[in-house]
Every structure is written in C-alpha cells, then in structure tokens.
Amino acid sequence: MVDSLGVAVIGFGWMGRVHAQAYTRVPHHYPRLALRPRLVTVAEDVPGRAEEAAAQFGFASTTRDWREVAADPRVRAVSITAPNFLHREIGVAMAEAGKHIWIEKPVGLTVADARAVADAVAKAGVQGAVGFNYRNAPAVEAARDLIASGEIGTVTHVRVRLFSDYAAHPESALTWRYEKERGGSGVLGDLASHGADLARYLLGDIASLTADTAVFIPERARPTGATAGHTRATGGELGPVENEDYVNCLLRFASGARGVLEACRVSVGEQNNYGFEVHGTKGAVFWDFRRMNELGVSRGAAYQDQPVSTVYVGPGDGEFGAFQPGAANAMGYDDLKVIEAYRFLRSVTEGTPHGATLSDAVSSAAVLDAMVRSARSGAWVDVEA
C-alpha cells in the first residue's frame, strides 16, 4: 500500500521550483517507493509568488508566513529553499515541530548554524537531507566506486573546480547573496560548499588547508523591487559587495592525498564549469558536469603515456536506471534533484538516512569555516570537525 506524505516548500525562487518539480516526478521514476509526496502548502513572502506556485504545481494552500507551516498538521516534510540567512531558524523550527527536512546548502551562514540544525534534527528523531546534488550524478558515484576499488591505485592528488559567470556582469543586482549578514560567505557557500562535499565524498575527510579569497566586482546596484535568481539592476544606488567572488584553496586530506579547490562566480566565459580530476599511483578519473554522463578514465599498467578512455555511465551506475534504459542516454541537472527527493523520501520511509545528510552539511561548513580563517590569517589551518 502506498502512503501519502504531505510536503511543504518554503521559499519559491528557482530552487523552490526545482524541489516542487522533483516531488511531482518521483512517482514516475520510482513507482515502487511506498511513499507518495503530496504538495500541501507553499510559503513565500513575495506577493503573488506563492499563488503562482499553487496554480502551476497544485499546492493545496499558500501562506506568506513560513511559521504557519510548522503548525500545519497536514505537513510531515518540508523543503527549505529560502535565502541562506533563514536556514538555521527555519530548519530548527521545522525539526522541533516534528517535520522531516530537505534543506538547501549552505545550511545557514556558519558551521554553528549547520550544527544547530543537525542537532535539532537528531534530537527530534526526524530525517534531514541536504542539497548536495552533484554527488547524485551517476558518473560521480561511479567515480567514487572506481577510486574505492583501487583501480587507479592510491590517490595522490585531486583538483576540484567550480567556475561560473552568473555574477560576472557588473550590473548584477546587489541582492542578499552579496551581503554578509544575509548571505554569509559568497562563492564559498554557493559553489565551494559543493566542492568541499565532492572532495570529501570522493576522498574522505580534509585535515587542513590554506586559502586565498578575492572580491573582483566591489560594488553593485541595489534592486528596486523583488528579485529571483541572478537579475540585473541599473540605476539603483550602488552598495558594497561584502563577500568573496573567488577562492583558491590547497587541501591536505586525512589519507595523505593533496588537493586544489578553486571556485569563482565571476568567471567570464565559464558557464557551470564544474568538475574534478583525481590522480592515483596507477591511473586517473575525470568528470565534467557539462558532460555529466561521462567519465574520463585512465587505468592499466603503462604509467607513462597511458591513454584516457571515455566511459559512458548506464544502468547499474547510481540511479541511472531509474531515468534511462541504456548507456549514453543523457540525464540533466533536474534529474539529480529527483534523485535527491527520492533519497529523502526513502529516508523518511525507512527511518535510515540515504544520500547527503546534515552531518555532511556540518563537515562541508567546517571546511568553509577553515577557508575563512585561513584567508584572514594567510596560514595553514586545521579543519575542525
């Protein structure tokens, strides 16, 4: 028998829309899941946006106040896709109200925020999932299995990159994303958080690091109305960009491997250039998000002049089989969020975590906190778990 799970979405910008779409698609890709999400309510304080969401996705009700969601007995699980500065308050409140939570990264503005939400989830005995979507790519899961199998030998070093141009235009609006009080860190929380999670997911804990950050566009125009995504604002009052556009970081893993993590939100000519290169003593594995369903793999016994082969993931790699029947059939970004929704719902059904958890969010936040401390001091610092 299939059970119904009442869900709510808090914050309905682009990511809220992605979560709603993911919930509606889960039954199509995972028909055997014994839990069907039911869109109960959407909370959004921008006038008209919640009503638009309800009309498009079929939410039963709307509200301007997210606190009403905590008190709603119809809601058993909540997606938290509001701005970063609200994540701790909303996450703790929903957990204390007995709601399972699927929360976007970064979980708050600091590692203390992430720990507070993780502690609330643990104390309440509810499930908590985090939006580290890139680890859900079947090729990334295949790479992790390849590394763990020892096929490329002992890992020696890794490079993780996350370059984007979403903030490259100097007329990009000075939204909450560029303010320390509401956005916290800049590219650290937005992109480097994914990089830290990918690095840990593939190679294990990061022990220490040294980082350098920079702001390349120091002023932007304040928006004159509600914004969604990365909109432009011309003619508004100029204000300072308070958090970093760029970070470069050297990593030392607990395993002894070394790494480089680099992220930038103002990289002209780069659109979602995300990926990694992992080198071992016998081979290497390469992944580029823009070719999401492929891996470059070098393995064998040649060492010098050893070739790299392109491997297409297929059924048997991660959750690929839930979307496509054979290798080289493409999957896309939104599919990764469907996988994330499925694993969240499976966690609720079984009472056992599946996918990225609040513990992973705390670990990622600890890496970001170490980057901030290192950039400030100019020294190597330990990552404090």
Take Tyr23 and Ser79 through the test side chain to side chain donor-acceptor pair (under 3.5 Å) and record every step on the way to the result. CA-CA 10 Å; Tyr23 283 127; Ser79 277; 2.7 Å; yes
Short side-chain to backbone donor-acceptor contact, Arg76 and Ser4, under 3.5 Å: yes
Going by salt bridge (charged side-chain N to carboxylate O under 4.0 Å, His left out), name the pairs with one or both residues in residues 250-273, residues two or more places apart or in two chains. Asp245-Arg265
Tell me whether Tyr178 shares a hydrophobic cluster with Leu238, the cluster being built from Ile, Leu, Val, Met, Phe, Trp, Tyr side chains joined at under 4.5 Å. no
Salt bridge Glu242-Arg177, side-chain N to carboxylate O under 4.0 Å: no
Does Ala302 have any side chain to side chain contact (heavy atoms under 4.5 Å, CB included) partners at least two apart in sequence or in another chain, and if so, which? Gln306
Without swapping roles, check the side chain of Trp287 against the backbone of Met292 for a donor-acceptor pair under 3.5 Å. yes
NZ/NE/NH1/NH2 to OD/OE distance under 4.0 Å, Arg343 and Glu340: no
Tell me every residue that passes ring pair (Phe, Tyr, Trp, His ring centres under 6.0 Å) with Tyr312, counting only those two or more places apart in sequence or in another chain. none
Can the positive tip of Arg144 be found less than 6.0 Å from the middle of the six-membered ring of Tyr201, inside 45° of the ring normal? yes
Ser377: which residues meet the side chain to side chain contact (heavy atoms under 4.5 Å, CB included) condition with it, sequence neighbours left out? Ala379, Val381
Under the ring-ring contact (aromatic ring centres under 6.0 Å, His included) definition, can you give me all pairs with a residue in residues 25-51, not counting sequence neighbours? His29-Phe323, Tyr30-Tyr342
Given Tyr274 and His194, is the side chain to side chain contact (heavy atoms under 4.5 Å, CB included) satisfied, shown in steps? CA-CA 10 Å; Tyr274 309 152; His194 280 299; over 6 Å; no
ILVMFWY cluster membership beyond Val362 - transitive side-chain contacts under 4.5 angstrom: Val111
Hydrophobic cluster of Val121, others only, ordered by chain and residue number, side-chain cut-off 4.5 Å: Ile10, Val40, Trp66, Val69, Val75, Val78, Ile80, Phe85, Leu86, Ile90, Val92, Met94, Ile101, Ile103, Val107, Leu109, Val117, Val126, Val130, Phe132, Leu358
Residues forming a ring pair (Phe, Tyr, Trp, His ring centres under 6.0 Å) with His87, sequence neighbours excluded: none
Have a look at Leu162 and tell me which of Asn273, Leu191, Val187, Asp190 forms a side chain to side chain contact (heavy atoms under 4.5 Å, CB included) with it. Leu191
Got a sec: does the CZ of Arg373 have more than 12 other heavy atoms crowding it under 6.0 Å? yes
Partners meeting ring pair (Phe, Tyr, Trp, His ring centres under 6.0 Å) with Phe57 (sequence neighbours left out): Phe12
Is Asp119 paired with Lys123 through a side-chain N to carboxylate O contact shorter than 4.0 Å? no
For Arg200, side chain to side chain contact (heavy atoms under 4.5 Å, CB included) partners two or more places apart: Asp197, Asp205, Ile206, Asp360, Ser363
Using ring centroids (six-membered ring only for Trp), state whether Phe286 and Phe276 fall under 6.0 Å. no
Connected via hydrophobic side-chain network under 4.5 Å: Tyr333 and Trp102: yes
Residues Arg17 and Glu52 bridged, charged N to O under 4.0 Å: yes
Other members of the hydrophobic cluster containing Val260, with the 4.5 Å side-chain heavy-atom rule, please. Leu250, Trp380
Less than 4.0 angstrom from a charged side-chain N to a carboxylate O is my criterion; do Arg161 and Asp288 meet it? yes
Could you tell me which residues satisfy side chain to side chain contact (heavy atoms under 4.5 Å, CB included) with Glu151, sequence neighbours excluded, listed by chain and number? Leu146, Ser149, Arg299
